[in-house]
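For reference, the structure is listed below as structure tokens.
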Amino acid sequence: MTKPCYETALLRLAEADPRVVVLTAENRAAIRGLPAALGPRFVDVGICEQTMVGMAAGLALRGRIPVVHALATFLTLRAFEFIRTDVGIAGLPVKLVGAVPGFLSEANGPTHQAIDDVAVMRAIPGMQLFCPADEGELCDALPEIVASPAPCYIRLNTRASTLVHTPFALGRAEVLAEGSDVGVLAAGLLVPPVLEAGALLRSEGIATRVVNLRTLAPVDEGAILATARRCRVLVTVEDHLLVGGLYQLVCEILVRHRIFVPVVPIGLAGRWFQPGLLADVLLHEGFTPAQLADRFRRALAAQGMQQNTSSTPTQGAFHA
Amino acid sequence: MSPDLTELVDRARRVRGHAIRLATRGGCFLGASLSCADLLVFLYDRVLRVSPERLADPDRDYLFLSKGHDVPALYGTLCEQGYFPAARLRNHLSVKDSVYWHPNRAVPGVEFHSGSLGHLLSVAMGVALDIKLVGGPSRVFVVVGDGELNEGSMWEAMLVAAAKRLDNLTVIVDRNGFQANMATEELLPLEPLGDKLAAFGWSVIDVDGHDFGALAEAFSILPRRTGRPSAIIARTVRNKGLPSIEGRPERWFVDLSPPEVEMLLAELGGAAPTALTSDAKVVR
């Protein structure tokens, strides 16, 4: 089996569907071969994110499916109002690919840290949000995302992993490990280390359910509710601010369904992360498998203490 | 003026009448509407290869109204061209219809919504680019405000349009000299505007935006230069057609009393100007 490749997957789609056009605001890292392969259907507008998104809306008005590329933070923030106003209000099928989101910005520093991209893109009615856990999942999902009539924001992740995925479906989570002690909800880059952390805990008798949500909009509410009902404590893991990200998304759903379970957020609490190479960032911020296992273990232990000191069932979501 | 252009004068007067009737019970952006009324009448009657029957035709010409607050002039023009009955304008600002202060696609003939300044040039460029890709005959026109040229996205888009050689694209600047509250030259001077646009790689012409003969000449050759987008700087007057409020900075958004509407309609028809008594209202 050949290694999955975003660029090849996108090229195959473009070859099969003449409506597909590829745009970039001079961000070519993931699509270096496409200018030659696509000819005039590859458009580099220069470092002009707003113009690129506006043009994508115009192309979509003419029946095209534009797939646009820029660094995640500049795409979602610099061009936000163009995304909201031109793509969002009209509900046009523009596919927005944000490069190096979250921890993947590595040593670039806070200017480049898209750790609020989920928050802002979630606020656009009708916008789909896809957070691939690895390049294989990204490639599996691409045909359905491109075929959807809705706009979609993709947190680009072209890293390889050893995960074996179930077939992709928008709004459908996949359960990567079963367990009823800790229920971990994650999406994107951190899914592989979360799964490894779950395996570490299993060896010491703690059963961890690992759910890869894959799309945060539409989100698989059923999978979240089932995990909440099954597990003693829920943990959300994200390389995003706790404001507006996965943690809040999960809490909203639980409260709306009046399911009161402890939810422990693991993410960025009101600060940018310390820049560095990815492996070092993960270690510094506490997201290696061993560190995550430890945080899950403590989340479960805190829940045990809470139950021991309380004569009534836990009321409301509590946050460790 | 040739007789066929006289017909446009009458039509433009009717369009201004529609706009004045919208400037009550909530009001509208009358100043910007009256400055571009002649432009829109001319474009729809003499330039655009489009009609109510061709709204789904991919080979039609496209017009995008980027400075969306002048939509009363567009509504009036579209009514006069038969896109929808003028009776619909009685729904202006009603929540039961979609005829509000900015354009949207629920109104037949409106290609895209606007209101946030600095957007539709890039949207129009996407349309123009696709027309190039398929080798279509359509041309794309964008009406922008001069105040709108404060927005950085306009200049960014102009760089890209020139780089991509979008010569099927024409921008018409409604150069009425005012932005919301004051003269453009008092806040962020634009002149020499033609030189600026030319330096960005556009082919530029300056024209009196109220002179149909001059407009006919300006629009007669497009693109003005192969490989370059065209810019037509139309020198216009805020509230053109109503001498009592022409060129008045405070009469941008107006909300008139019903008697004032009748007064201005009479003035439009040639009656002597009378001073308005209602307060100026600026919304921004």
Side-chain angles (χ1 to χ4, degrees), chain A residues 14 17-26 35 38-68 70 74-75 77-96 124-126 151, chain B residues 55-60 62-64 66 68 98 102-106 110-136 138 140-142 144 151-166 168-169 200-201 229:
Chain A
D17 189 340
R19 294 176 300 168
V20 174
V21 290
V22 175
L23 282 79
T24 183
E26 221 206 339
L38 289 177
R41 281 200 287 150
F42 178 92
V43 183
D44 189 337
V45 300
I47 311 164
C48 302
E49 291 85 2
Q50 299 175 86
T51 301
M52 174 176 68
V53 173
M55 287 178 73
L59 284 159
L61 279 180
R62 291 274 297 178
R64 297 280 183 178
I65 303 170
V67 183
V68 310
F74 311 133
L75 180 62
L77 298 182
R78 171 82 62 125
F80 176 75
E81 201 231 354
F82 283 66
I83 296 174
R84 168 212 176 266
T85 294
D86 301 325
V87 175
I89 291 176
L92 296 169
V94 175
K95 314 302 169 180
L96 305 144
I124 300 175
Chain B
L55 289 179
D57 180 355
D59 290 339
R60 72 188 182 279
Y62 290 78
L63 182 127
F64 292 94
S66 192
S98 294
H102 293 105
N104 71 95
R105 291 195 291 168
V110 175
E111 293 284 2
F112 206 62
H113 57 273
S114 60
S116 174
L117 298 176
H119 280 247
L120 292 207
L121 177 53
S122 56
V123 172
M125 284 160 53
V127 171
L129 179 68
D130 184 62
I131 292 162
K132 287 274 182 193
L133 287 177
V134 302
S138 309
V140 183
F141 298 84
V142 192
V144 309
E151 294 281 5
S153 61
M154 296 300 288
W155 300 94
E156 179 181 298
M158 281 192 274
L159 272 182
V160 178
K164 301 303 172 190
R165 302 172 60 84
L166 297 176
N168 54 352
L169 176 72
F200 271 63

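Worth saying up front: this structure is predicted, and the values here are computed from it rather than measured. All chains are named by letter (A, B, ...) in the order of the sequence lines, taking the proteins before the strands, and each is independently numbered beginning at 1.
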Open item on the list: Is there a side-chain contact between Val94(A) and Val53(A) in this structure, where contact means two heavy atoms from C-beta onward sitting under 4.5 Å apart?
Closed with: no
Open item on the list: Is Ala90(A) close to chain B through its backbone or its side chain, or both, or neither, when contacts mean heavy atoms under 4.5 Å?
Closed with: both
Task: Heavy-atom contact with chain A under 4.5 Å, split by part of Lys132(B) - done: neither
- [ ] Give the member of Pro58(B), Gly136(B), Gly152(B) that has the highest number of heavy-atom pairs under 4.5 Å with chain A.
- [x] Pro58(B)
TODO: Report yes if some heavy atom in the side chain of Leu92(A) is under 4.5 Å from a heavy atom in the side chain of Leu61(A); otherwise report no.
DONE: yes
- [ ] Could you tell me whether Glu111(B) and Arg60(B) have a side-chain N and a carboxylate O separated by less than 4.0 Å?
- [x] yes
Task: Region of Ala157(B) in contact with chain A, defined by heavy-atom distances below 4.5 Å - done: both
Open item on the list: Using heavy-atom distances under 4.5 Å, tell me whether Leu159(B) contacts chain A through its side chain, its backbone, both, or neither.
Closed with: neither
Task: Option that, when pairs with chain B are counted at under 4.5 Å, heavy atom only, ranks first among Asp44(A), Ile47(A), Val21(A) - done: Asp44(A)
- [ ] Name the option with the most non-hydrogen atom pairs under 4.5 Å to chain A; the candidates are Glu156(B), His113(B), Arg105(B).
- [x] Glu156(B)
Task: Residue selection (most heavy-atom pairs with chain A, distance under 4.5 Å) from Ser153(B), Ser114(B), Ala161(B), Ala163(B) - done: Ser153(B)
- [ ] State, with a plain yes or no, whether a side-chain heavy atom of Phe64(B) is found less than 4.5 Å away from one of Val127(B).
- [x] yes
Task: Most contacts with chain B, counted as non-hydrogen pairs under 4.5 angstrom, among Pro40(A), Ala57(A), Pro18(A) - done: Pro40(A)
Open item on the list: Using side-chain heavy atoms (C-beta onward) and a distance below 4.5 Å, is Leu169(B) in contact with Leu121(B)?
Closed with: yes
Open item on the list: Within the structure provided, determine whether Ile89(A) and Arg84(A) are in side-chain contact (heavy-atom separation under 4.5 Å).
Closed with: yes
Open item on the list: Could you check whether any side-chain heavy atom of Arg62(A) comes within less than 4.5 Å of a side-chain heavy atom of Leu133(B), counting everything from C-beta outward?
Closed with: no
Task: Region of Arg64(A) in contact with chain B, defined by heavy-atom distances below 4.5 Å - done: side chain
